[in-house]
Amino acid sequence: MRIDVLTILPELLEGPFSHSILKIAREKGLVEIHVHNIRDYSTDKHRSVDDYAFGGAAGMVMLIQPIESLILHLKAQRTYDQIIYMTPDAKVWNQKMANHYSMYNNLMILCGHYKGVDQRIRDHYITAEVSVGDYVLTGGELAAAIVTDSIVRLIPGVLSDESSALTDSHQDGLLSPPVYTRPADYNGWKVPGILLSGNEKLINEWRENQSMEITRRVRPDLLDED
Ligand code: 6GU
């Protein structure tokens, strides 16, 4: 998979893409992530990337020109499965979407800033709009890092068996059961006995029950979904 991220703050993304699972996935050649600075594509002598909003609304709007130049430059080199715009006014990203997107070959992610990008970029180039939750971030970069991480860890070969995505919270629509490691008794804080029983069937039943109970208590909304 190849992911191209379009941003006015490339430095903000170098960190998240250079550690842990994303780093390993890149080193294994399972994903190529390219971060592009929108400002480099400005034809303006001041290299500006934004301007005042028509109609007098507060806040700056990202210009069409540098973003379009960069999008066209990339589209001339390959076909993109999706051109995603990160924005709080969109459908909220979830595990089901991450599973779906992990099967694509070429993704472009545009990070918004200020009051967002000129609507005409959205109308003419964007194929998917994504938010990461009902709160406002300063820019789309941290959101793009979240979406990228959630997709890349699902690419076959990225995770070892040991860290398999199949048992993650949300993968089956439920939250994960509690986990424990040694010691079995920490100054009187005991691990649930069933986990030490060696009875795989009972352990799996216990985990399923815990998952249901925790989901019902913390996120009952997940049980109502399709
Ligand atoms: Cl994708 N961008 C911004 N700026 N804020 C957000 C968001 C995205 N998702 C939730 N809040």
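In each ligand, atom 1 is the first atom listed, and ligand 1 is the first ligand listed. Just so we're clear, the structure is a prediction, and the values are computed from it rather than from any experiment. All values below were derived from every heavy atom in this structure, side-chain atoms included, with hydrogens, water molecules and symmetry-related copies excluded.
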>> Show me the pairs that pass side-chain hydrogen bond (donor to acceptor under 3.5 Å, both in side chains) and involve residues 20-31, at least two apart or across chains.
In response: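 Not a single pair qualifies under side-chain hydrogen bond (donor to acceptor under 3.5 Å, both in side chains).
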> Which pairs, with at least one residue in residues 202-213 and sequence neighbours excluded, count as a salt bridge (charged side-chain N to carboxylate O under 4.0 Å, His left out)?
Replying inline: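 Salt bridge (charged side-chain N to carboxylate O under 4.0 Å, His left out) check on residues 202-213 returns K201-E205.
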> Going by atom types alone, do H36 and D4 pair a side-chain donor with an acceptor below 3.5 Å?
Replying inline: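 Per modelled atom types, H36 and D4 side chains form a pair under 3.5 Å.
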When you check ligand 1 against the protein, what N or O pairs turn up below 3.5 Å? List the atom names and distances, or just say none.
from     : atom 1 : to   : atom 2 : distance (Å)
ligand 1 : 4 (N)  : L137 : O      : 3.0
ligand 1 : 5 (N)  : L137 : N      : 3.0
ligand 1 : 9 (N)  : S131 : OG     : 3.3
ligand 1 : 9 (N)  : V132 : N      : 2.9
ligand 1 : 11 (N) : Y135 : O      : 2.6

> Hey, which of I38, D118, L72, V49 is the one that makes side-chain contact (heavy atoms from CB on, under 4.5 Å) with I67?
Replying inline: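 The side-chain contact (heavy atoms from CB on, under 4.5 Å) with I67 is passed solely by I38 among I38, D118, L72, V49.
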> Among all residues two or more places apart in sequence or in another chain, which pass the side chain to side chain contact (heavy atoms under 4.5 Å, CB included) test with S211?
Replying inline: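 Scan of S211 (side chain to side chain contact (heavy atoms under 4.5 Å, CB included), adjacent residues dropped) gives L174, P177.
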> Using the ring of each side chain (for Trp, its six-membered ring), is Y180 parallel, tilted or perpendicular to W206, with breaks at 30° and 60°?
Replying inline: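 Rings of Y180 and W206: tilted, as their planes differ by 30° to 60°.
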